[in-house]
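Reading through the structure tokens given below for one structure.
Everything quoted here is computed from the prediction, not taken from an experiment. All ligand and atom numbering here is 1-based and tracks the order in the structure. In this chain, numbering begins with 1 at the start of the sequence shown.
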Amino acid sequence: MKKAFLSIIFSLFAIMVFADDGSRLWLKYDLIKDQKQKLSYIKFSKFIAGNTENPTLQKAAEELQSGFAGLLGTKTIISPKSTSLSGGIILEVSNNQSLTQSLNEDGFAIFARNGNIVISSKSAVGVLYGAFELLRNIQTLQAIGQNIVSNPRVKIRMLNHWDNANGTVERGYAGSSMWKWNELPFRIDPRYVAYARANAAIGINATSINNVNASSRFLTAEYLEKIKAVADVLRPYGIRVFISVNFRSPRTLGGLKTSDPLDPEVRKWWNEKTKEIHQYIPDFGGYLVKANSEGEPGPQDYGRTHADGANMLAEAMKPFSGIVIWRAFVYNADPNGDRFKEAFEQFKPLDGKFDEKVIVQVKNGPIDFMPREPFHPMFGGFSNTKLAMEFQITQEYLGQSTHLTYLAPMFKECLDTDTYAKGKGSTVAKVIDGSLYNSQVSLMAGVANTGSDANWCGHPFNQANWYAFGRLAWDNTLSSEKIAKEWIGMALTNDEKAKVQINEMMQKSLPTYISYTYPLGLSHMMGEGHHYGPEPWLTKAARPDWTSIYYHRADSIGLGFDRTGKMSNALNLYTKEVREMWGNPDKCDLNYLMWFHHIAWNKKLSTGNTLWEELCYRYYNGVVEVQKLQKDWTNLKPYIDTETFGSVSARLKIQEKEAIWWRDACVLYFQEFAKTPIPSSLTPPNRNLEEVKKLVEIYHLR
Ligand code: GCW
């Protein structure tokens with residue numbers, strides 16, 4: 001009896017110790033098993049010395065201390081003063097020219113000195129980043145002690161939360177909001193600290209805490225008190241807080257008759273509100289604004305321009321260090337227009353008219369975070385406006401939290417594309433990091449995928465997208481493979497063979513997803529409203545540009561949106577070199593074909609197949625690739641924690657089922673236009689179009 005009881009206790013303990021709910025993200029700090037490797041780190045774990053009166057250095061020291069405790073099993077002491085001992089870590093904020101000349105404000109250097117490892121930076125937060133780099137190297141079993149110099153390329157590396165006051169998250173797929181507004185400011189959820197650490201570990205230094213479809217409520221004294229409490233937690237980790245604002249706040253909150261940005265009373269209201277915010281949050285990051293977009297209020301409601309609106313807020317921000325981030329995601333509901341061109345055309349006359357405190361935040365592509373989009377023509381088309389990048393980490397159109405899709409290759413594809421704005425080599429990355437136009441402010445934002453789920457992100461692999469975003473905001477030259485391997489080593493396993501296999505799965509995951517959803521440059525054919533699953537037949541919606549037919553333009557002749565000079569001529573927004581790259585249907589990369597051309601069903605493509613055949617092959621191949629992902633994952637079982645393994649396996653089953661759903665829906669639907677049989681080497685769907693359409697109706701009911 002006693003024996004049985006003990007064995008139950010033991011198994012429970014084993015589950016508690018070994019089951020991994022993913023909550024520790026990339027900061028697990030589990031004991032290193034490789035003794036030799038561990039000893040090489042223990043050599044430097046006698047002490048951590050640094051000026052711990054500085055709260056950020058204190059955090060750096062604590063992080064190293066708990067990291068060492070977990071990874072190495074050591075009890076490392078923190079010493080508030082520098083020491084003549086060796087065998088430890090020295091944290092130093094340095095103004096030694098020869099040391100720091102290669103560093104920018106947040107950059108750090110790591111090197112060996114007198115038997116210690118020194119982490120040096122011009123700023124305390126730079127030291128914190130260096131501490132996390134050292135821990136990353138230990139977590140991924142790299143040698144430590146050799147020289148490292150690292151500088152962020154982008155100044156403001158930011159998460160945008162689309163979290164609402166009522167606890168919901170717009171386009172959130174990992175539970176409810178992580179911000180507990182009802183508990184703040186009295187209760188500080190321990191997750192805020194965990195969030196700050198996870199972000200600092202990847203160099204993120206800014207966060208906007210509420211939805212861009214903003215409630216004025218976030219500007220009330222009641223909420224400022226709450227936001228202050230969050231800001232106080234994030235500050236020592238170098239993270240500044242931003243607020244998304246509702247442009248109509250002077251009316252809704254201030255009781256004014258108007259929110260016209262040129263009205264003196266309105267300007268006064270914003271000046272005062274901005275001052276008030278700084279009383280709560282002295283290092284307030286600034287405002288993020290979605291205006292005159294998808295029904296949100298904005299300056300155009302009063303016959304004013306985006307520049308008028310943004311500059312008014314910039315004026316309010318003048319006495320302070322914060323900035324105004326103005327989103328360029330605007331488009332009018334014009335059935336005969338081309339949404340592709342709208343932001344460019346609305347903002348082009350304003351190029352050069354924005355205050356220096358304003359940065360215009362542009363989505364990576366001209367439509368809306370589609371799985372593959374050409375880069376936004378504003379990058380490369382605006383030389384007198386500071387532009388920021390907005391990527392979407394949350395997978396609104398990329399399988400949400402059931403499909404495995406690693407996004408670093410997508411971020412990279414966009415960043416690495418050449419705009420030719422100032423000749424060859426003018427990549428999007430260089431527009432964003434400020435190097436192309438010599439801009440002092442630079443910003444990269446990612447729409448967060450965090451929520452209340454134990455593992456923060458829903459699908460265990462979605463964590464990698466948050467991680468990759470941060471790493472690329474820090475250094476856009478990192479390869480998506482390097483980033484994946486770091487994450488795998490910290491979050492899943494350090495077994496070399498397993499790492500290679502998981503990395504391969506991750507690299508293949510995006511092309512696989514695109515293959516069974518949006519091959520050949522198709523876009524925007526998802527379920528109405530919830531944006532999940534296929535609905536290529538969507539003909540009517542609240543706006544013409546929310547349907548699917550607006551985008552794919554399938555007809556009896558062919559498929560795709562002609563954006564050449566013959567039709568919308570959106571291609572003309574790009575430089576000559578880019579036009580040449582995408583403008584000729586015979587030379588255009590097939591991955592972008594439908595973005596720019598209407599191609600006949602029976603036209604032979606460079607692969608030797610007709611458009612119709614190629615389309616079918618890609619849809620079918622996508623399913624085969626998902627099945628391969630499943631097999632690969634099954635083989636990885638011995639290397640992966642049971643809970644994580646089970647969670648991913650189950651999601652891969654859903655993914656397979658839904659890849660078939662997408663394939664059947666799209667192939668059967670387009671066949672109505674192509675009027676051609678599915679190539680004989682493929683097995684036709686075992687259901688008809690009507691049956692597949694019903695699946696969407698069922699989904700709507702849920
Ligand atoms: O992608 C679309 C989303 C909206 C979102 C909007 C935006 C916050 O479907 O939910 O609203 O973009 O970026 O403003």
Salt bridge (charged side-chain N to carboxylate O under 4.0 Å, His left out): which pairs involve residues 209-229, sequence neighbours left out?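 Those involving residues 209-229 are Lys228-Asp232.
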
If you count only heavy atoms, which residues are under 4.0 Å from ligand 1?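 Correct list: Trp162, Glu170, Arg171, Asn211, Val212, Asn213, Lys290, Glu294, Arg327, Phe329, Lys363, Asp368, Glu396, Tyr397, His531.
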
With sequence neighbours excluded, what pairs up with Thr405 under the side-chain hydrogen bond (donor to acceptor under 3.5 Å, both in side chains) test?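 With sequence neighbours excluded, Thr405 shows a side-chain hydrogen bond (donor to acceptor under 3.5 Å, both in side chains) to Gln395, given in chain and number order.
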
Test side-chain hydrogen bond (donor to acceptor under 3.5 Å, both in side chains) applied to Thr547 - qualifying residues, sequence neighbours left out: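 In terms of side-chain hydrogen bond (donor to acceptor under 3.5 Å, both in side chains), with neighbours along the sequence ignored, Thr547 is linked to no residue.
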
Could you report the tightest heavy-atom contact between Ser401 and Asn462, atom names first, then the distance?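 Smallest interatomic distance, heavy atoms only, reads CA-ND2, 3.8 Å.
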
Could you tell me whether the side chains of Tyr516 and Gln655 share a donor-acceptor contact shorter than 3.5 Å?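 A donor-acceptor contact under 3.5 Å links the two side chains.
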
With rounding to the nearest 0.5 angstrom, report the CZ to CG distance, Arg248 to Asp301.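 Interatomic distance, Arg248 CZ to Asp301 CG, rounded to 0.5 Å: 6.5 Å.
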
